[in-house]
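Everything below concerns the one structure shown next.
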Amino acid sequence: LGHFAAFKICKFCQNKGGAPVKKITELTAELAAPVIAEQGCTLWDVEYVKEAGTWYLRVLLDKEGGVDILDCEAISRKLSDLLDEADPIEQSYYLEVGSPGLGRRLTRPEHYEQLKGQKCAAHLIRPDEQGRRDYAGILQGLDADGNVTLTDGEETYAFPVKSAGYVKLCDDEDLFG
């Protein structure tokens with residue numbers, strides 16, 4: 001499901017005074033956009049995370065019919081060269097290019113629009129007033145105030161997207177059983 005090609009990568013691009021100019025995820029998205037489009041894919045998300053002491057720059061792709069290993073390899077090679085040329089990252093890192101998978105996280109407003117009507121699950125950072133942290137249902141969308149709405153049969157759940165640790169596309173039918 002999630003194909004990855006690994007290479008190297010940082011944090012913030014800095015000007016000569018050391019002040020952050022642009023987040024590495026934003027710069028990566030800008031550099032990657034034409035390469036991704038050339039391959040017939042779309043950008044789902046860019047993550048820059050530290051896991052077990054190692055930095056990873058993940059570029060997640062989407063494509064009608066699915067992303068394959070050839071897409072990941074082609075984009076990874078070209079993007080790696082662009083990142084090497086721009087050289088925005090001081091420490092070592094791994095560049096991973098892949099699919100967000102079936103249980104993809106919704107991280108941008110356009111994801112909520114694109115996946116309206118799909119089964120999604122959400123995990124809140126803290127329990128809500130009913131003491132619940134986990135919700136699942138059909139995504140109704142993200143409103144202008146930043147509230148996510150899910151419906152499950154007759155019940156409707158609405159919560160601020162900021163209060164969710166994640167909202168993801170559901171890949172487990174048992175959640176609705």
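Under the 4.5 Å side-chain criterion, counting only non-hydrogen atoms from C-beta, Tyr166 is not in contact with Leu106. The closest side-chain heavy-atom distance from Leu57 to Val46 is below 4.5 Å. When side chains are defined from C-beta on, Thr28 counts as touching Leu79, because their heavy atoms get closer than 4.5 Å. Taking the side chain as every heavy atom from C-beta outward, Leu61 and Ser99 never approach each other to under 4.5 Å. Between Gln39 and Ile36 there is no side-chain heavy-atom pair separated by less than 4.5 Å.
Partner of Trp44 under the side-chain contact (heavy atoms from CB on, under 4.5 Å) criterion, out of Gln114, Glu110, Arg105, Arg108: Gln114 alone. Considering Val167, Thr149, Asp128 as possible partners of Phe159, the one that fulfils the side-chain contact (heavy atoms from CB on, under 4.5 Å) test is Val167.
Residues Leu169 and Gln118 share a closest heavy-atom pair of CD1-CB, 3.6 Å. Heavy-atom minimum distance, Ala86 versus Leu31: CB-CD1, 4.2 Å. Contact record, Cys41 with Ile75: SG-CD1, 4.2 Å, taken as the closest heavy-atom pair. The two residues Ala29 and Leu43 have their closest heavy-atom pair at CB-CD2, 3.7 Å.
A salt bridge links Asp71 with Lys63: the closest approach of a Lys/Arg side-chain nitrogen to an acidic carboxylate oxygen falls below 4.0 angstrom. The pair Arg58-Glu51 meets the salt-bridge criterion, with a side-chain N (NZ, NE, NH1 or NH2) lying under 4.0 Å from an Asp/Glu carboxylate O. Between Arg104 and Asp62 a salt bridge is recorded (basic side-chain N to carboxylate O distance below 4.0 Å).
In this structure, SG on Cys170 lies 9.0 Å from CD1 on Ile138, to the nearest 0.5 angstrom. Separating the CD1 atom in Ile24 from the CD atom in Glu90 is a distance of 10.0 Å, to the nearest 0.5 Å. Taking CG of Leu60 as the reference point, atom OG1 of Thr42 lies at 11.0 Å (rounded to 0.5 Å). For the atom pair Asn147 CG and Asp145 CG, the distance stands at 6.0 Å (nearest 0.5 Å). With rounding to the nearest 0.5 angstrom, the SG atom of Cys72 is 12.0 Å from the CZ atom of Arg77. Separating the NE2 atom in His111 from the OG1 atom in Thr107 is a distance of 4.5 Å, to the nearest 0.5 Å.
The environment of CD in Glu64 is sparse: at most 12 heavy-atom neighbours from other residues, nucleotides or ligands sit within 6.0 Å. Heavy-atom contacts from other residues, nucleotides or ligands closer than 6.0 Å to CD of Gln130 number more than 12.
The backbone N or O of Asp45 sits nowhere less than 3.5 Å from a side-chain atom of Glu47 that would complete a donor-acceptor pair. Checked by atom type and distance alone, the side chain of Ser163 pairs as donor or acceptor with a backbone atom of Pro160 at under 3.5 Å. The backbone N or O of Glu155 lies less than 3.5 Å from no partner atom in the side chain of Asp152, so there is not a single donor-acceptor pair.
A cation-pi contact links Arg132 to Tyr157, judged by a cut-off of 6.0 Å to the six-membered ring centre and 45° from its axis.
Shown here are the side chain to side chain donor-acceptor pair (under 3.5 Å) partners of Lys50, two or more places apart in sequence or in another chain: there are none.
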